[in-house]
There are 2 protein chains.
Amino acid sequence: MTNDRPADRGAAVAPDAGAAEPAQLSSAIGDYLKAIWQLAQDGPTGTGEIARELNVTAPSVTGMLGKLHGLGLVTYQPYRGAELTQEGRREALRLIRRHRLLETFMIDKLGFGWDAVHAEAELMEHSMSDEFTERLAEHLGQPEFDPHGDPIPRADGSLPSAPGTPLTELRVGQRIRVHRVLSQGSEVLAYVESLGVGPGAELRLVGVEPGGHLLRLEAVASGEPLALSRELAALVVGQVLPEG
Amino acid sequence: MTNDRPADRGAAVAPDAGAAEPAQLSSAIGDYLKAIWQLAQDGPTGTGEIARELNVTAPSVTGMLGKLHGLGLVTYQPYRGAELTQEGRREALRLIRRHRLLETFMIDKLGFGWDAVHAEAELMEHSMSDEFTERLAEHLGQPEFDPHGDPIPRADGSLPSAPGTPLTELRVGQRIRVHRVLSQGSEVLAYVESLGVGPGAELRLVGVEPGGHLLRLEAVASGEPLALSRELAALVVGQVLPEG
DNA sequence: GGCGATCATTAGTCACGCCTAAACTCTAGA
DNA sequence: TCTAGAGTTTAGGCGTGACTAATGATCGCC
Ligand SMILES: [Mn+2]
Ligand SMILES: [Mn+2]
Ligand SMILES: [Mn+2]
Ligand SMILES: [Mn+2]
């Protein structure tokens, strides 16, 4: 056994100093950074938004933002929201890399369902070392995209670009090959999968309900018709296929 | 993201009631149970012994034993030590299964060194679900022993029996095939490995230093001579090969 | 330009796991 | 039998990350 846990004592954070990172960031910190990363794509993110994303209360977020600011991972002005610093973004992407590699492993090697891997990866991402991560990436063949179609950040922090058009931008008659579904909720994923609209699917836009709230599509292969709300269709992204 | 952490509030432990297990046991609890499992093979384990094993102080152990007792995972009498209950043993073995499967995966599939996997498994074992564990076992071919030669508890809680004779019980001239090295410290493992005494090695006892504090052996294959202290030799276990 | 709704922050707690220092118990040896 | 020392428990605290209740800021709308 001989538990080799960090056992990090003390090292109190200097109230507002610009550095002094703790040896290892906690998993709570990591989850905040990831949440801010995906919420603050343009402009700072508000406290409440982060709270909603992480299922915590707003005061918890306020407290954590103060701490992250002290660690130099985030810029934060009270009542104005927070944004990742370079440092914070680096850490967020490190975790997202772990997360997506894990999901890839679980689906491709362990045979998990598409929609059943997120919660587990959310936990395990915090206990993987860099070495484990890179060896796993090697084992998987250095994938650039996970089975949801999401880009896997590279070890150097860069992000493979995922070319993509959401279903909502198709013109009637156009065909698309689905690459990616922009959701992590297993309910949404399982539903989309059950319609046959997961990554790899080829679809044709047959028509749009007057008002545009519903899209009518069909599977290219089988001709099966299916309908999708505009809201859900906006989450399904792919590559437009040449007309023919 | 949508962090699906337990978020377990409240549920204060009834001071001495015999049940009321929390939804999920913490990783600290798990590590205590594992430590007690391996220390209390016969008779109760003392506070200090557990403290040493886990690198915590004795008062921390006292506190945790009270809690474990309240959860019905351990029997505990102040000043007398603790022992696992049925329930506690079940949980310990569940974790040890995860731990050893992970180590097997890391060594066999990811190419980690024999001696470099323990610390990582010690952390990751706590974030694996049952489903992940069983799928991983399947992926690995339901192994019964890990690459250290340690038996992997089965999903039902039973333990494959590891037949074994320690080097210290060999008679001069006898040969043995090493199955197992009873240590988890990577220093010991790396040293033993460097001598060529890891699982799979075949050795012959050439002689014993007067007093018995040192064993002289040779590798059956190469004839290479090597020496081992009695203390270390006691940790190396194998199957005696028929005389020839 | 004032006002209220919405959003965010402060204030005060809590559970968990750990710590040090001090008091206590047990036991083995004189 | 008494007692010293090893081992254990109690007392008091800390850091982390959550919570609720109360207070404060911002902003859109009339
Ligand atoms: Mn995910
Ligand atoms: Mn996470
Ligand atoms: Mn191990
Ligand atoms: Mn552990």
Task: Protein-to-nucleotide contact annotation, 5' to 3' order, nucleotides 1-6 of chain D [B base; S sugar-phosphate only; - none; under 4.0 Å, heavy atom] - done: ------
Open item on the list: Counting primed atoms plus P, OP1 and OP2 as sugar-phosphate and everything else as base, spell out the protein contacts along nucleotides 1-8 of chain C at 4.0 Å heavy-atom distance: B, S or - for each nucleotide, 5' to 3'.
Closed with: -------S
- [ ] Sequence neighbours left out, what passes side chain to side chain contact (heavy atoms under 4.5 Å, CB included) with A:Glu193? Give chain and number order.
- [x] A:Trp114
Open item on the list: Just to verify, what does B:Ala58 make a side chain to side chain contact (heavy atoms under 4.5 Å, CB included) with, not counting sequence neighbours?
Closed with: B:Thr47
Could you pull out all residues at least two apart from [X] that satisfy salt bridge (charged side-chain N to carboxylate O under 4.0 Å, His left out)?
| X | answer |
| --- | --- |
| A:Arg89 | none |
| A:Glu103 | none |
| B:Asp108 | none |

Taking [atom1] from [X] and [atom2] from [N], how many angstroms apart are they, rounded to a whole number?
| X | N | atom1 | atom2 | answer |
| --- | --- | --- | --- | --- |
| B:Ile29 | C:dC16 | CD1 | P | 8 Å |
| B:Leu54 | C:dC19 | CG | P | 10 Å |
| B:Gln77 | D:dT8 | CD | P | 14 Å |
| A:Leu65 | C:dT10 | CG | C1' | 15 Å |
| B:Asp31 | C:dC18 | CG | C1' | 14 Å |
| B:His126 | C:dG17 | NE2 | P | 11 Å |

Task: Salt bridge A:Glu144-A:Arg154, side-chain N to carboxylate O under 4.0 Å - done: yes
Restricting to side chain to side chain donor-acceptor pair (under 3.5 Å), what partner residues turn up for [X], sequence neighbours left out?
| X | answer |
| --- | --- |
| B:Ser229 | none |
| A:Ser186 | none |
| B:Gln77 | none |
| A:Gln142 | A:Glu138 |

TODO: For the side chain of B:Pro59, starting at C-beta, report the closest nucleotide among D:dA18, C:dT9, D:dA11.
DONE: D:dA11
Open item on the list: Checking contacts here: which listed nucleotide (D:dA21, D:dA18, C:dG17) is nearest the side-chain heavy atoms of B:Met64?
Closed with: C:dG17
Open item on the list: Using five base pairs at each end to define the local axes, how bent is the helix from C:dG1-D:dC30 to C:dA30-D:dT1, to the nearest 10°?
Closed with: 20°
- [ ] Considering just the side-chain nitrogens and oxygens of A:Thr57, establish if one lies under 4.0 Å of OP1 or OP2 belonging to D:dC19.
- [x] yes
- [ ] Please state whether the phosphate of C:dG17, meaning OP1 or OP2, lies under 4.0 angstrom from any side-chain nitrogen or oxygen of B:Lys67.
- [x] yes
Open item on the list: Once you measure the plane-to-plane angle for A:His139 and A:Phe105, does it fall in the parallel (<30°), tilted (30-60°) or perpendicular (>60°) bin?
Closed with: tilted
